[in-house]
Amino acid sequence: ESTQPPFSCDISDPRTKSYPFCKTTLPITQRVQDLVSRLTLDEKISQLVNSASSIPRLGIPAYQWWSEALHGVAYSLRVTQGIRFNGTIQSATSFPQVILTAASFDAHLWYRIAQAVGIEARAIYNAGQAMGMTFWAPNINIYRDPRWGRGQETPGEDPLVSGKYAVSFVRGIQGDSFEGGKLGQHLQASACCKHFTAYDLDNWKGVKRYVFNAKVSLQDLADTYQPPFQSCIQQGKASGIMCAYNRVNGVPNCADYNLLSKTARGQWGFNGYITSDCDAVAIIHEDQGYAKLPEDAVADVLKAGMDVNCGTYLKKYTRPAVEKRKLPVSKIDRALHNLFSVRMRLGLFDGNPVKQPYGTIGSDKICSQEHRNLALEAARNGIVLLKNTDKLLPLSKTKTTSLAVIGPNANSAKTLVGNYAGPPCKPVTPLQGLQSYVKDTRFHQGCNAVNCSSAFIAQSVKIAKGADHVVLVMGLDQTQESEDHDRVDLLLPPKQQNLISRIARVAKNPVILVLLSGGPVDISFAKNDQHIGSVLWAGYPGEAGGRALAEIIFGDHNPGGRLPVTWYPQSYVNVPMTDMRMRPEPSSSYPGRTYRFYQGPKVFEFGYGLSYSNYTYEILPVTQNRVHIMVESSNPHRYLPVSEMGDEVCEKMKYTVKVRVKNHGAMPGKHPMLLFVRQPKMVNGNPVRQLVAFQSVNLNAGERADVEFELRPCEHLSSAKKDGSMVIEEGSYLLSIGDKESEI
């Protein structure tokens, strides 16, 4: 095994001095131009796929574009070359799955996690165990439907949260500062925002992502599906985008010139490379029939602005496409320019990486105490307390002498880490976490597996009856929800639900139910069962998840997480998952989607979460609660397009909202404050309410603080018209936080 990382332009190679592409004093554009001009057509084509070949005559090693780092450096699914865990480094810090991290509503925490992931990624490369430094994360698609198997990978259903998550993650992993603007041309690692765009269905009742045609209105694109990607590019400065498998309004995303070239590069100023999802080029011809011939598919994507194909299609069919005059070589050159620019920004053409800006990051950074503490902090701050009747939790550390821990997720290290995970450092399961608090802890898995096709009721009941308290660790895992596997209902597996109720009835005290899941579950039965005293949702909490859960259950941490998605009742499964409309359609009984538009019954709402403390809020009077915009007298509308207002006017309109918050509890606590806006009437398809700002605040017992939120009317008070344009409407808006409202 080589311990030397792969790089080009070795100063010990006599050719290096004669190649302008090796001269670090020249601008990258010039260096790339020189490099591309030296390549033969076959060499060029060999670089258009994720497993890019070496070019020995120029001293260029092979490169692997595909690596994963969704919530920690991970295995790539079908390729092992990107990152290898078979050398001196055999694990990496496994942070909570993204949906749980999102529940902290703490952008600085998101940034710190991504920063740690970027540092560990560079350390693995420096140790010679990486063939690439381009990571295909974050996944910032909107969690539109509760059945989606990959919703767990996303920051939830809100476009503002998803956009802020994208910016924090990209800045962290790429080596920028939290506020941005510190990143020069050098990248610590490269982030890739995916899946562009309107991708949020995998495999539902036989409808597969490869052929799904998402019919999306311009209005929904403008205020739901596109904003996270715009933030990722404009504020995050991501160096990569992945175009998605599906079609949008008939056009495959990877063959959409308007999407890739006009919108991402033209309007948003994207500067980086665009990869296809894996085999997304092949399916344009083979599954969708959009392209008549393989060569047409190749020509379509390269002309649209895609640069690299995850798969082999471009390797096979680019030369025939050129020979048949379907594709000019200039399109290949443009793709190579984008690809080699990113590799140069990663420092892979600057000689020995040890002498480069990130060359001293050593393997001691991987699974460091600091990173493992951060994984614990993230789990603690994400876990959501959904029910706590009569303050059952926290349990007393002194009075709890025996504990029964039951459930198929209680002792599974695999379930903890969710999907797209690498080998964790030192995983702690919920059982192990609880055992560290109570010596006399008895365990039974309760079911043969999470699907609970057979339940061990008698044995479970027996150990439950004999303990002071019972903790049930239930929920879902990757067999129930995952990539290529959407759910068809929102309930727990039937025998699992039955087991919970049976145990709850015989236990000495009301039981504690812990749910591990990515997606929402209809647990109305538990919400309404007096024998179930407390319910905690812990997502897939990462390697330190078991410890974080135990700390919350025994009061060493005050929970503060809030749900980043709406928890719908089981009846929501009557809505076809294929219907992309966000807004309700009362005439056809279509209920709409997410807290912004759905007004039907909910099990728990977006932003819901309890604490051991009670927090109160007061919106302090603002010096100015009117925003004046001068409008030409010839304008007959009661609204103004944001595009006509210009940056200067928008900047002048921003103002500060102050909220006083107090912790009335006996414990210190950290929780997120969520500020919403709504219009008094829901007209023109405007949201019921919309999150406009959020901040995480730490308060000691009895402490109060004044927290400032910046309100930008152009961004926060604008709404999408049917044609996709964003406008500000005349009239009143109501700001709300908790149960308090204030008028603008």
Side-chain angles (χ1 to χ4, degrees), residues 1 5 50 64-101 110 112-139 150 152-154 169 172-174 188-192 194 278 310 361-379 382 412-429 477-478 482-483 516 518 539-548:
E1 285 297 315
N50 63 290
Q64 179 53 256
W65 286 92
W66 184 1
S67 292
E68 300 288 359
L70 183 71
H71 52 105
V73 184
Y75 298 111
S76 302
L77 286 185
R78 284 172 273 171
V79 284
T80 50
Q81 306 97 307
I83 295 283
R84 298 190 313 278
F85 287 105
N86 60 356
T88 52
I89 296 163
Q90 303 207 338
S91 56
T93 311
S94 192
F95 294 94
Q97 179 61 295
V98 179
I99 194 70
L100 187 75
T101 303
W110 303 338
R112 286 159 58 218
I113 290 170
Q115 199 179 31
V117 174
I119 287 167
E120 293 199 6
R122 187 55 86 155
I124 292 170
Y125 170 78
N126 288 343
Q129 286 181 223
M131 286 289 290
M133 284 298 290
T134 35
F135 294 89
W136 292 353
N139 178 345
R150 299 187 76 176
Q152 58 178 302
E153 301 172 26
T154 75
F169 183 93
I173 200 168
Q174 290 194 162
Q188 172 174 263
S190 164
C192 169
K194 66 184 188 184
C278 297
C310 179
I361 297 174
S363 52
D364 58 321
K365 297 285 187 202
I366 296 164
C367 293
S368 64
Q369 196 58 54
E370 187 189 348
H371 290 180
R372 283 166 44 219
N373 289 347
L374 184 59
L376 175 62
E377 182 189 337
S412 166
K414 193 178 176 198
T415 305
L416 284 179
V417 296
N419 71 355
Y420 282 92
C425 311
K426 289 184 181 169
V428 178
T429 66
D477 66 2
Q478 301 305 310
S482 60
E483 184 164 3
L516 298 193
Y540 295 121
E543 62 173 53
R547 185 172 158 195

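Pairs passing the salt bridge (Lys or Arg N to Asp or Glu O under 4.0 Å) check and including a residue from residues 363-379, sequence neighbours excluded, read Arg112-Glu377.
For the atom pair CZ of Arg84 and OH of Tyr75, the computed distance is 13.0 Å after rounding to the nearest 0.5 Å. With rounding to the nearest 0.5 angstrom, the CD atom of Glu120 is 10.5 Å from the OG atom of Ser363. We find the CG-CG distance between Asn139 and Leu70 to be 7.0 Å, quoted to the nearest 0.5 Å. One distance of note links CG of Asn126 with CD1 of Ile119; it measures 12.0 Å at 0.5 Å rounding. Rounded to the nearest 0.5 Å, atoms CG (Leu416) and OG1 (Thr429) are 6.5 Å apart. Between the SG atom in Cys278 and the CH2 atom in Trp136 there is a gap of 5.0 Å [rounded to 0.5 Å].
For Thr415, the side-chain hydrogen bond (donor to acceptor under 3.5 Å, both in side chains) partners at least two apart in sequence or on another chain are Asn409, Ser412. With sequence neighbours excluded, the residues that form a ring pair (Phe, Tyr, Trp, His ring centres under 6.0 Å) with Trp110 are Tyr165, Phe694.
Exactly one residue among Glu483, Gln152, Glu153, Gln97 makes a side-chain hydrogen bond (donor to acceptor under 3.5 Å, both in side chains) with Tyr420. That residue is Glu483.
Here the closest non-hydrogen pair linking Ala69 and Ile173 is CB-CD1, 4.2 Å. Shortest non-hydrogen contact noted between Ala116 and Leu374 is CB-CD2, 4.1 Å. Minimum interatomic distance between Pro424 and Ser91 (heavy atoms only, all atoms of both residues): O-CB, 3.5 Å. Here the closest heavy-atom approach between residue Ile89 and residue Ala123 is recorded as CD1-O, 4.2 Å.
Residues Thr101 and Ile113 are in side-chain contact: their nearest non-hydrogen atoms beyond the backbone lie under 4.5 Å apart. In this structure, the side chains of Asn419 and Tyr540 stay at 4.5 Å or more apart for every pair of heavy atoms. Leu376 is not listed as a side-chain neighbour of Val428, based on a closest heavy-atom distance of 4.5 Å or more. No side-chain heavy atom of Ser190 sits less than 4.5 Å from a side-chain heavy atom of Met133. Side-chain contact between Ile83 and Phe135 is present, with at least one heavy-atom pair separated by less than 4.5 Å. The shortest side-chain heavy-atom distance between Gln129 and Thr88 falls under the 4.5 Å cut-off.
At distances below 3.5 Å, not a single donor-acceptor pair connects side-chain atoms of Glu543 with backbone N or O atoms of Thr93. No donor-acceptor pair closer than 3.5 Å links the side chain of His71 to the backbone N or O of Val117.
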